[in-house]
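Worksheet: one structure, shown below.
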Amino acid sequence: MRTFLAALVFALGVAPAFAQETGFAVRQTEVKKEPFSDAETVGTLAEKSQVKVFGRQGGWMQVESGALSGWTRMLSIRMNSGQSSIASGLKSLFSVARSGSSGTTVTTGVRGLDKEQIQNAKPNPEELKKLAGFTATQGEAEQFAAGNPQLKNRKIDYLRQP
Amino acid sequence: MRRILPLMIVLALGAFPGWATAQFNLNLNRIIDTGKNLRDATKEVNEKQEAEIGQEYAAVLVGAAPLLANAEVERYVNRVGKWLSLSSERPGLNWQFGVLDSDNVNAFSTPGGYVLITKGLLARLKNEGELAGVLAHEIAHVVKKHHLTAMRKGKGMEAGANVLSMYLEQPGQRSAVAKEHLVGGIKEVMLRGLDKDDEFEADRMGVVIAARAGYDPYGVPAVLQMLQSLNPKDSELALMFATHPDPNSRLDALDKAMGTRLDRFASQPQAAERYARSMQGK
């Protein structure tokens, strides 16, 4: 069973991180068989229906509510709060979460981005100089965008204030 | 009007200095000072000055939390960020991106083009498209100079204007006092946050800048939904939630603004694999 689920998750290209998440519909919304607006409608979620969220593709979310399952517009869904804690996120597979600090001696509770810590922060121009060493040139950025997957530049107007 | 009125007061009063009694003189000076500050406050800060303010601003941020000591991750974030900036209206700024070694979930930008994201937020993102959404939102703040607007409003307009004009009027030999005041003004903005409407605007612009750069436009809403799923009482979220409209109202606003308008770009890459690889320093 477990293997099957793993296979399913893999086949759908759905990040397993989604598996436990839940949300609700902010309005009555259609559920489609596939993540496209012209796909077959398999049902309708009533406003405030609770859903399990399995993944996202573009502007669509794969959801399940009772016997109903399929794809619904992502922005028709809001997530339930308090279902995952920061601590669990930091235990993620990303080594970024594990790597140490920059060799600066950090006294726990003194530095940081809490309100009091910002209030007491001393500007650190030396640390800022390190940042300059990491910048990318336009050429490097363009080369990066030409990689895999390729990022193609488009002309798109800004959205108007509704 | 805001620009013209104080100028008129200054001109009108300044034209008859001989009338001033000692008492009047004192008031006159105060009015002229106020007029000057109001005028400066609405005057455009030039690009060089903006860069200088940005440097002080960013120095405070890296003073609060050091950079993440992972050159590969820092370079990766810079490539994504620089590529996004090329799709903004200010591609020529000295854009510098960085990761702060903090478990707090937040991202910051400064005048002049510094953009910093915390390790705590980075670790919660699922793909490069979401990272692009966060960075593009910050880039929008820089493009629209939202921080300068917020600084001018510091403790009432007069004080905010003072902080900026005190600093800007002494090129070359910035006094320690002027600098200290500027840092105070910067911290105030960091703790109070930008205008709520400017946050909504940065969300709207962020989705478009990310889509222009070839990413899935739904990175910003995906990050907002992720924030929504966290426990709002977690201390790592306190500052971000205190300085931004709640994720729900941001999602409502994006929902209305986006509709299906960007759907034809929705199949653009999210680059989840490259993101995971880069976070592992590979």
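Residue numbers start from 1 in every chain, and the chains themselves are labelled A, B, ... in the order their sequence lines are given, proteins ahead of strands.
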Could you have a look at [options] and say which one has the most heavy-atom pairs with chain A under 4.5 angstrom?
| options | result |
| --- | --- |
| Glu56(B), Met240(B), Glu128(B), Gln228(B) | Gln228(B) |
| Ala257(B), Ser87(B), Ala65(B) | Ala257(B) |
| Gln225(B), Arg75(B), Arg261(B) | Gln225(B) |
| Asp197(B), Val77(B), Ile209(B) | Ile209(B) |
| Phe265(B), Tyr57(B), Phe200(B) | Phe265(B) |

[X] vs [Y] side-chain heavy atoms within contact, under 4.5 Å:
| X | Y | value |
| --- | --- | --- |
| Glu142(A) | Leu86(B) | yes |
| Arg56(A) | Asp216(B) | yes |
| Lys130(A) | Glu74(B) | no |
| Leu151(A) | Tyr215(B) | yes |
| Phe134(A) | Val73(B) | no |
| Leu116(B) | Leu131(A) | yes |
| Asp114(A) | Leu239(B) | no |
| Tyr76(B) | Phe144(A) | yes |

Determine the minimum heavy-atom distance between [X] and [Y], stating which atoms define it.
| X | Y | answer |
| --- | --- | --- |
| Asn148(A) | Arg274(B) | O-NH1, 3.2 Å |
| Leu251(B) | Leu75(A) | CD2-CD2, 3.7 Å |
| Leu128(A) | Val62(B) | N-CG2, 3.9 Å |
| Gly63(B) | Asn124(A) | CA-CB, 3.7 Å |
| Ala266(B) | Gly59(A) | CB-N, 4.1 Å |
| Lys82(B) | Ala141(A) | CG-CB, 3.6 Å |

### Message
With chain B as the partner, which of Gly133(A), Ser37(A), Ala145(A), Pro125(A) has the greatest number of non-hydrogen pairs under 4.5 Å?
### Response
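Greatest number of close heavy-atom pairs with chain B: Ala145(A).
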Value rounded to 0.5 Å, distance of [atom1] in [X] from [atom2] in [Y]:
| X | Y | atom1 | atom2 | value |
| --- | --- | --- | --- | --- |
| Asn94(B) | Thr135(A) | CG | OG1 | 7.0 Å |
| Glu188(B) | Gln119(A) | CD | CD | 10.0 Å |
| Asp255(B) | Arg73(A) | CG | CZ | 8.5 Å |

Using non-hydrogen atoms only, which part of [X] is less than 4.5 Å away from chain A: side chain, backbone, both, or neither?
| X | result |
| --- | --- |
| Leu224(B) | neither |
| Ala222(B) | both |
| Glu273(B) | neither |
| Asn106(B) | neither |
| Thr118(B) | side chain |
| Met258(B) | both |

### Task
Kindly indicate, with the supporting measurements, whether the criterion side chain to side chain contact (heavy atoms under 4.5 Å, CB included) is fulfilled by Leu227(B) and Met79(A).
CA-CA 9 Å; Leu227(B) 293 176; Met79(A) 305 306 284; over 6 Å; no
Flag, side chain of [X] to backbone of [Y], donor-acceptor distance under 3.5 Å:
| X | Y | answer |
| --- | --- | --- |
| Lys187(B) | Ala121(A) | yes |
| Arg204(B) | Tyr158(A) | no |
| Arg212(B) | Asp157(A) | no |
| Glu127(A) | Leu67(B) | yes |

